[in-house]
> 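The structure follows.
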Amino acid sequence: MIAKPVTDLGQQFHNGQINDPAKGWFYVLAASVIIAVIACLIQRYVASALERGTNKWASKKLGNLWLPVGSVVAVVVIVALFLGTNLKHVLPGNIGERLENINLQQHSVLERFTFYKDAVKVLKDYPVIGAGGGSWASIYEKYQNNPYTSRQAHSFIMQYLVEVGILGFVIMLGFMIFIFYKYIVGYIRSEEQKRDSYFIYFIIVLSILIHSLMDFNMSYVFIGMLVFIGLGGMAAAMDNHSTERVKLKASSMRGVFSTVMVLGSIALIFISIQYIQANNAAVKGQNLMSTSNNYQEIKAPLDQALKKRGNYPYAVLNMSTLLQAGYQQTNEDAFYNEEDNLLTQALKKEPFDKNMYAQLISHYKLKGETDKAYEVLKDNAERYAWDMNWYEELITQSFQLGYKALGAQDAVLKEHYFKSGLEAYQHVVDGVEHLKTLPKGQMQGNPFEVTQTMSLNAGKMQYMLGQPEAAATILKASIKEDLGDPTNQELARWYLAALKKAGQSDQAMYDQLIGKDPSMKDQISQLAEMNF
């Protein structure tokens, strides 16, 4: 009854239309008080009568199952009625509208299915023990079907499979199945009072785990704690039997267990303190960059951070920035070599850290080692298949290096770089076509398109490889109407030169460009006469 007014007030507050959410809170609190009073009255006056009325049912064999089974059946019937008929419209507020919009073609459903399919791709590469803790957030870009951004797989099961593999998942599943089986068997056999004592743990664990099948609840530490505390509560309800093969006194078992837990806790505390200190030192170093000009003062906390936690990405990136600044100001190779060693060693431990790759590319460009920057872009392109900027940079570097090889009259090297750049361009073209096949309700995620820079460089490479018709096709696709824009003029100039080279023409485009800049006439002729 309060769903619609509370939702409307919440939206108005979120959009700044109202400044005080007190009215919405009043609805919630008032409804809570009313429900609490009704619950107390039912417990006081109705529960005992219901209990007397159901004693006959409860005394029958498997009588303790009729309530949960009946509840499940009732829920299925109600859901079928609300989703499959017009009964949903009798519901208050906007609940009926929400139910009406539930279908498997919603973008949230389609996107979740995509995450799960991509998780299976990861599992195929890391099937036995998985890719490690936190691996989805690091490597999902390599496997994604479209350019979405999601640091969670939106399913506890799929994310757990990615991180620990089939072996780890089977161990975890066996552990949970054992606890659930023992608890349910104990629940059926136990007296009513004992059932009620531990049933709340079963409710907590089962409800969270079911919802975690399609969401990332378990990624929150507090939710994970609730689940495992709940499993402990369920385990407390189990029947206790002494083992036949291993016989230990209760006092001895408690001593062994306590010793293991204490040692594990001490190790965890020690490691955590080191990591916290490393993070604090890295933050201090970053803050000093904006307040101090003293190189040694800034470097000291960053050195401390890397000493406490080797290859810590946050500290590595800040130290790299500092060393780059040192090289730019002094031009001393010591800074350059230290940064080179820092980044290459860190990337051996963190081979999927895009920020470190970007820093390494910047590092190579600083000294004019564009061939090394190209190698980083080329070698890691597969990992960032839907990063439009990555591919634009790869195509640009391929053209520049190929053009440099052309000037040095190295035909083999020229062809190598140009073909590499054209392959990258074709990857983007194919990706754009693939995105057109996504289901209608699914969002593609981040932008992914053929940019004018990509087309210009790809067109030039085709032209210089002696393919003027292919070059004209590429260039024409990115020319926009405003030929007063320098980029459009450059595209049009190469496009018209390619057509002329191929014995074709586009008079309308030619007249429009010459009208904007008469000097383009000679430039087009010169380009068309050049042999590469």
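Throughout, numbering of the chain's residues begins at 1 and tracks the sequence.
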> Other residues, nucleotides and ligands only: do more than 12 of their heavy atoms fall within 6.0 Å of NZ on Lys404?
no
> So do the side chains of Leu422 and Leu465 get within less than 4.5 Å of each other, counting heavy atoms only?
yes
> Any side-chain heavy-atom pair from Met172 and Met176 closer than 4.5 angstrom?
yes
> With a sphere of 6.0 Å drawn around CE of Met443, does it hold more than 12 non-hydrogen atoms of other residues, nucleotides or ligands?
no
> Please name all residues satisfying side-chain hydrogen bond (donor to acceptor under 3.5 Å, both in side chains) with Ser292, sequence neighbours left out, ordered by chain then number.
Glu297
> Decide whether Asn488 and Gln452 meet the rule of one side-chain donor and one side-chain acceptor closer than 3.5 Å.
yes
> Specify the closest pair of heavy atoms between Met356 and Val316, including all atoms of both residues, with the distance to one decimal.
SD-CG1, 3.6 Å
> Within the side chain of Trp136, is there an N or O that forms a donor-acceptor pair under 3.5 Å with the backbone of Val162?
no
> Is it the case that the side chain of Asn341 and the backbone of Asn337 share a donor-acceptor pair, with hydrogens and angles ignored and the cut-off at 3.5 Å?
no
> Mark yes or no for whether Thr437, through its side chain, and Glu433, through its backbone, hold a donor-acceptor pair below 3.5 Å.
no
> Mind listing the closest non-hydrogen atom pair of Ala315 and Leu306 along with its distance?
CB-CD2, 3.8 Å
> Does some side-chain heavy atom of Pro301 sit less than 4.5 Å from a side-chain heavy atom of Gln286?
no
> Can you name the nearest heavy-atom pair linking Ile395 to Ala458, along with the distance?
CG2-N, 4.4 Å
> Side chains of Tyr364 and Asp371 only: does a donor on one sit below 3.5 Å from an acceptor on the other?
no
> Write down the atom of Ile524, the atom of Leu513, and the distance for their closest heavy-atom approach.
CD1-CD2, 4.0 Å
> Do Gln400 and Asn457 make a side-chain contact, defined as non-hydrogen atoms from C-beta onward lying under 4.5 Å apart?
no
> Would you tell me whether Thr149 and Asn446 have side-chain atoms, one donor and one acceptor, within less than 3.5 Å of each other?
yes
> Could Lys142 and Phe352 be counted as a cation-pi pair, given that NZ or CZ must be under 6.0 Å from the ring centre and within 45° of the axis?
no
> When you measure from the side chain of Lys501 to the backbone N and O of Met530, does any donor-acceptor pair fall under 3.5 Å?
yes
> Taking NZ in Lys284 as the centre, count heavy atoms belonging to other residues, nucleotides or ligands within less than 6.0 Å. Is the count above 12?
no
> Examine distances only and state if a side-chain atom of Glu111 and a backbone atom of Gln442 form a donor-acceptor pair shorter than 3.5 Å.
no
> Residues in side chain to side chain contact (heavy atoms under 4.5 Å, CB included) with Leu173, at least two apart?
Phe169, Ile177
> Counting N and O atoms only, with roles assigned by atom type, does the side chain of Thr396 sit under 3.5 Å from a partner on the main chain of Glu392, one being a donor and the other an acceptor?
yes
> Within the distance-only criterion (no hydrogens, no angle test), does the side chain of Ser478 pair as donor or acceptor with the backbone N or O of Leu475 below 3.5 angstrom?
no
> Give a yes or no on whether Lys117 atom NZ has more than 12 heavy-atom contacts from other residues, nucleotides or ligands under 6.0 Å away.
no
> Just checking, any donor-acceptor pair under 3.5 angstrom between side chains of Gln324 and Gln328?
no
> Any donor and acceptor pair, going by atom type alone, linking the side chain of Tyr357 with main-chain N or O of Pro351 inside 3.5 Å?
yes
> Check whether any side-chain heavy atom of Gln462 lies under 4.5 Å from a side-chain heavy atom of Thr473, and answer yes or no.
no
> Going by distance alone, is a donor N or O of one side chain under 3.5 Å from an acceptor N or O of the other, for Tyr126 and Ser135?
no
> Does atom OH of Tyr403 have more than 12 heavy-atom neighbours from other groups under 6.0 Å away?
no
> So for atom CD, which belongs to Gln12, do other residues, nucleotides or ligands contribute more than 12 heavy atoms lying within a distance under 6.0 Å?
yes
> Should the heavy atoms of other residues, nucleotides or ligands under 6.0 Å from CG of Asp379 be counted, would the total exceed 12?
yes
> Does a side chain donor of either Asn355 or Gln359 reach within less than 3.5 Å of an acceptor in the other side chain?
no
> Looking only at heavy atoms, which two atoms of Pro147 and Phe448 are closest? And how far apart?
CG-CB, 4.1 Å
> Between His434 and Asn146, is there a side-chain donor-acceptor contact under 3.5 Å, judged purely by atom types and distance?
no
> Please walk me through it: do Ile208 and Phe156 pass side chain to side chain contact (heavy atoms under 4.5 Å, CB included)?
CA-CA 10 Å; Ile208 293 176; Phe156 170 61; over 6 Å; no
> Can a donor-acceptor pair be found, under 3.5 Å and without considering hydrogens, that links the side chain of Asp118 to the backbone of Asn145?
yes
> Side chains of Asp522 and Gln526: do they bring a donor and an acceptor to under 3.5 Å?
no
> Once the angle between the rings of His427 and Tyr391 is folded into 0 to 90°, is it parallel (under 30°), tilted (30 to 60°) or perpendicular (over 60°)?
parallel
> Is it true that Gln329 and Tyr295 share a donor-acceptor pair across their side chains at a distance under 3.5 Å?
no
> Minimum heavy-atom separation for Ser155 to Tyr116, with atom names?
CB-CE2, 3.3 Å
> For the backbone of His154 and the side chain of Arg112, can you confirm whether one donor and one acceptor N or O come within less than 3.5 Å of each other?
no
> Between Lys414 and Asp410 (salt bridge meaning N to carboxylate O under 4.0 Å), is one present in this structure?
no
